Amino acid sequence: MNNALDKNYDAQTVQREMWELWEKANAFHAEPDASCGVRDAGCEDGQNANRTAHTAQRKPYVIVIPPPNVTAALHLGHALNNTIQDVLIRWRRMCGDNAVWIPGTDHAGIATQTIVDKRLQTEGKPALKDYKKLEAEGYAGREQFIALVQQWKDEYEATITNQLKKMGCSCDWERQAFTMDTVRAKAVREAFFQLFKDGLIYRGKRLVNWDPATQTALADDEVEMEEIDGHFWYMKYPLVKEGTEGLRDKGNEEFVTVATTRPETMLGDTAVAVNPNDPIRKHLIGRKVLLPIVNREIPIIGDEYVVIPDPESEDAKAKYASGFLKVTPAHDPNDYEIGQRHHLPVINVMAPDGTISDQHGWPPEDCAKGDAGFLLGMDRYEAREAIVEWFRKNDLLAEVKPYRHSVGHSYRSHVAIEPYLSDQWYVKVTDDRLRGAALRAMADGEGTEGRRDEGTKGKSGYEGQLRFTPERYAKTFRGWHENIRDWCISRQLWWGHRIPVWSQLHVTGHDLNHSGLLDYIDAEQKKSSPTVWFTYSDITDDDSVKKMLVPYVPGSTKRVRNRLGDTYNFHVCLRSDDSEWINKLETAGLVRDPDVLDTWFSSGLWPLSVMGWPEETAELAAWNPSSTLSTAREIITLWVSRMVMFNIYFRGCVPFRDVFIHAMIQDGEGRKMSKSLGNGVDPLDIIATHGADAMRFTLALMTTQTQDVRMPVERDAASGKNTSPKFDVGRNFCNKLWNAGRFAMEVLGESRDGGTKGRRDEVKERSLADRWILSRLARTVKAVDEALGAFQFSAYVQALYDFFWRDLCDWYLEAIKPVARTDTPEGEAARATLAACLDAVLRMSHPVMPFITEKMWTPAPGSPGRGRDRSIAGVELPGSELCINAAWPKVSQKLVDEDAERRWALMQEVVGAIRNIRNQYGVPPRQVVKVTIRVEGIEASVIGDCVELLKTLGGVEVCGIGADVAEPEGAVKATVGSMRVMIEGLIDPEAEKQRLGKRLAELEKSRSALIGRLNNKGYADKAPAHLVQQTRDQLAQVEAELASVGKMLKGLG
RNA sequence: GGGCGAUUAGCUCAGUUGGCUAGAGCGCCUCCUUUACACGGAGGAAGUCGUGGGUUCGAGUCCCUCAUCGCCCACCA
């Protein structure tokens, strides 16, 4: 390795070298320290006061990465989030914590499956459809397809890992996890089993968000609303004459008119509703209508959900409403609820692909009663047109109005969601053990109102432990849980954790008993740690639509035994892939559920599963709960919520203490970055053009608490890659740091003491410059600690920037140049101070710019670091081989020196005035000018002590300082507070006299013009007042300048 | 429709219990290749802090109104 820093900073080489150095040192790896966990250590103070560095008892600091989806490479948003996490981890590691950052990836069920399918299609290869066909024919199509997805996953997992490493992420790479690897699979099985056993997982027939394209159910939050230009169709349903039910009186018909945006669902109508408070229509409640096309007779019911029409209303619904609402329980969530309230039949008229069908809940005999046959097999949109056309032809279409409204679309396939009645598995998140616990977990009163069950006496280990930053996101979290519905967890996909349930539907108790299954299960369920658990629903005397699954307790197959004649849907959950049990179940005729789990089920377990749960590992004991979760706000509901509920449920504690919600990165126009817009930026591209440190620095600088980050994107002509000039800031900072380091090392290296001789000097001996810069250092360390503790990454970077560039480089380095290389006490002290400051800067910068700081740490003997202790009085900088492991600087606040700061500020002002004058008069940089300063009182002595500094920084020769120094002839003067700074020799008196004389003439001319105008009676009386005033003001200004110029002329003699 | 956030120099943003003569970076203008750095240095111009009210000795900061933009949630009559 070189002994000195190269002239130019080569980010790419440094990144490679430093990464190898860290890997060789195994610097990222941590082992759990069994003696203490986050949960014991952290409550009283999660942020600071963590100065137990290098002692035996280390506090854990744990971050579990939000696992990126293996669907695609990481983008800038990930770069931001992972920069934040790495900053925190590296900071805490340097503070002496046992810091660990656990990496991993997410299988991202539907997203990955869809992307792989799409790619296969575009490549013209056999795609999902074809494998489904194979599977149907018994040829293991499922396995083959999953193998292809696995390939994709391997590829992208490698890509993502590489990206994170290139960014410098100091994850414990030995602990890399994947949501679908064997350890995580075990956690998923255990969690599912426990929830199943505890009655928190049930099978329900409900309206789900059905994606007819991918043919799977979606969670509520996988549905995106899109504005659609649609129509309102007003359709007339003939009233059945009272007393003549079943007959249609062709001659003298009455109608009710329903309004709908979805005419095709009318096939499944089972009622028409009116508001019981509707004075005009309520009398029709109890009557019946004959549903056109289908000839189904359906009741008119009263339900307050119905909006009473009001054409004047601002509300679109009231404006468009007809007062009659068609009720289609199978195809609309609200109608479904109305149906439940009124015990209406549920008639599903569509197949899973969105075509009209009488095979999925519409009894063929009911369908055959009317004329609906021609619609069977039509796509829902075709059927819509056909039905509208039918109504038109039969003179039953009253009106059509255009209507813009939003419609749910699949976030994957982007087709409109069909509310669809189907059998799905649900987690009963509305249970107080899940939802209630999550609400109670929130800190600072957030969540305490959610505590409804006073029976839970006192705090139970998790309450009030969860804190959001920025705080406002606690509201999002709370609101979500208050309105949550049970969570549909089954997905009709192949890529995912397969649901560990074996079922037999419509089976009699006799059959179950006969196979001996009930005996096996009884025996197993009595064990303290059973492998199987069963539930059933009795479908004999109730339609399965309403019946939920009944979880059963040990020994209670009795009920089935007692009613062997009944028919059941029978479900058995297996805790593990126990082949003996699988054999028993399948012999008995049970079949494994083909569905997989919602991807969020496994990511919800992430903080547990990465620690090896359900095994009682040392990691689990020490590192769950973790310390901080850093994530994007769009994921608070999808992910954070579920982790909190699961962790509390399975382990009785929160999964993490702090949730930091970071900003979103948008493009220059405030749009989301996305592939379709082509405005996405690959972090690797930025690393190539600007360097990893520059990227991290810039991202951290832009991360404020309130604003999303706008990132103007440019296309680099040479590479064709997207980049942004925003990252120049970071690159420039790196460059500056590099060069300041080179300068310092040169100065320290030249001297015999290497900058260590003055280290034990006393404060009183320090020069003003030393006192001042150490005061600034003390303030900076404090500011940086506070910023990082409060997740204020921008403030952290800004404080570094100001101290290093503005104070250290612009002023201190320049100030000490004359003495820095001298073999004097002052020179020694300056070198020690410089070494300490730069060393501290490297340490403080390391979390955000790890590569360059590590590089600058190691190379030269005279340089900071290399195991060398750089401490000086009040500044603790113990030696360390590597920067990554160096102790975080500890600086005494006693170094804050307000007197030195005041003196320095005064000196800076004088220098500023001098420089201003020099610039204005075009004095060449090296030309020394003569300055005289008129100053009184204490300030006189302050400035008097700064003569050398003024000389160095202002390029002046000081001719006089004092209250009554004579004003030099022909001097240029400036006022600084009560001081007067005068520089002579800049003005050629004759030329200046001429210039001023000319100006004097101009001013006098304009003065007489203004006076003339004001003396004009007409003007003074008639012109608008403000104009007159303006003229007066102008005159006053001219007078003032005249006086000034006159004085100057007099001064020139 | 409900909620949250934003609106400060040409651009991107700071401004944490009300005291600001409102800051930074980029860009712009002038000067400078001086032996750490032109990815640099010195200086400069540039804002009635979205609108309209209110509270206060004092408001970018607190309250209300409106406008514009963004996000989240709800909703296929």
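These values consider heavy atoms only, across backbone and side chains, with no hydrogens, waters or symmetry-generated copies. A, B, ... follow the sequence lines: proteins, then strands. Residue 1 opens every chain. What you are looking at is a predicted structure, and each value in this text was computed from that prediction instead of being measured.
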For [X], report the nucleic acid contact type (base, sugar-phosphate, nothing); a contact means any heavy atom under 4.0 Å.
| X | answer |
| --- | --- |
| A/R742 | sugar-phosphate |
| A/V258 | nothing |
| A/D728 | nothing |
| A/I417 | base |
| A/K401 | nothing |
| A/Y305 | base |

NZ/NE/NH1/NH2 to OD/OE distance under 4.0 Å, [X] and [Y]:
| X | Y | answer |
| --- | --- | --- |
| A/D785 | A/K782 | no |
| A/E746 | A/R821 | yes |
| A/R262 | A/E418 | yes |

Quickly work out the [X] [atom1] to [N] [atom2] distance and round it to whole Å.
| X | N | atom1 | atom2 | value |
| --- | --- | --- | --- | --- |
| A/F804 | B/C37 | CZ | P | 13 Å |
| A/Q908 | B/A42 | CD | C1' | 14 Å |
| A/N483 | B/G2 | CG | P | 15 Å |
| A/K782 | B/U16 | NZ | C1' | 13 Å |
| A/L800 | B/A24 | CG | P | 18 Å |

If the [atom1] atom of [N] is compared with that of [M], how far apart are they to the nearest Å?
| N | M | atom1 | result |
| --- | --- | --- | --- |
| B/A22 | B/A59 | C1' | 12 Å |
| B/U61 | B/G52 | P | 13 Å |
| B/G15 | B/A24 | P | 15 Å |
| B/G19 | B/G10 | P | 25 Å |
| B/G54 | B/G18 | C1' | 15 Å |
| B/C39 | B/C26 | C1' | 13 Å |
| B/G58 | B/A6 | C1' | 27 Å |
| B/U33 | B/A38 | P | 14 Å |

Provide the Watson-Crick or G-U wobble partner of [N], both distances under 3.5 Å; none if there is no partner.
| N | answer |
| --- | --- |
| B/C4 | B/G70 |
| B/G10 | B/C26 |
| B/C57 | B/G19 |

Side chain of [X] only, please: which of [options] is the nearest?
| X | options | value |
| --- | --- | --- |
| A/R633 | B/C39, B/C71, B/C32 | B/C71 |
| A/D810 | B/G41, B/U34, B/G43 | B/G41 |
| A/R731 | B/A36, B/A42, B/C39 | B/C39 |
| A/T476 | B/C72, B/G43, B/A36 | B/C72 |

For B/G41 and A/W805 - does any side-chain N or O of the residue sit under 4.0 Å from the phosphate oxygens OP1/OP2? yes

OP1 or OP2 of B/G44 less than 4.0 angstrom from a side-chain nitrogen or oxygen of A/N916, does that happen here?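 So the side chain of A/N916 is within the cut-off, an N or O lying under 4.0 Å from OP1 or OP2 of B/G44.
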
Report the C-alpha distance between A/M266 and A/F391 in whole Å, list the side-chain angles of each, state the deciding distance to 0.1 Å, and finish with yes or no for side chain to side chain contact (heavy atoms under 4.5 Å, CB included). CA-CA 11 Å; A/M266 59 80 58; A/F391 270 80; 3.8 Å; yes

Does NZ or CZ of A/K736 fall inside the cone over A/Y801's six-membered ring, less than 6.0 Å from its centre and within 45° of the axis? no

With a 3.5 Å cut-off and heavy atoms only, can you find an N or O donor on one side and an acceptor on the other between the side chain of A/K736 and the base of B/C37? yes

N/O donor-acceptor pair, side chain A/Q792 with base B/A14, under 3.5 angstrom: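 Side chain to base: no pair below 3.5 Å.
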
Between protein and nucleic acid, restricted to nucleotides 25-28 of chain B and to nitrogen or oxygen atoms under 3.5 Å apart, what atom pairs and distances do you find?
residue	atom	partner	partner atom	Å
B/G25	OP1	A/R806	NH1	2.8

Go through the steps for A/W480 and A/I636 under the test side chain to side chain contact (heavy atoms under 4.5 Å, CB included), then give the verdict. CA-CA 9 Å; A/W480 162 260; A/I636 293 172; over 6 Å; no

With distance as the sole criterion, is a donor-acceptor pair present between the side chains of A/S641 and A/H481 under 3.5 Å? yes

Under the criterion side chain to side chain contact (heavy atoms under 4.5 Å, CB included), which of A/I665, A/T723, A/I686 is the partner of A/V681? A/I686

Identified side-chain hydrogen bond (donor to acceptor under 3.5 Å, both in side chains) partner of A/T265 from the options A/K326, A/R380, A/H331: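 The residue from A/K326, A/R380, A/H331 that satisfies side-chain hydrogen bond (donor to acceptor under 3.5 Å, both in side chains) with A/T265 turns out to be A/K326.
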
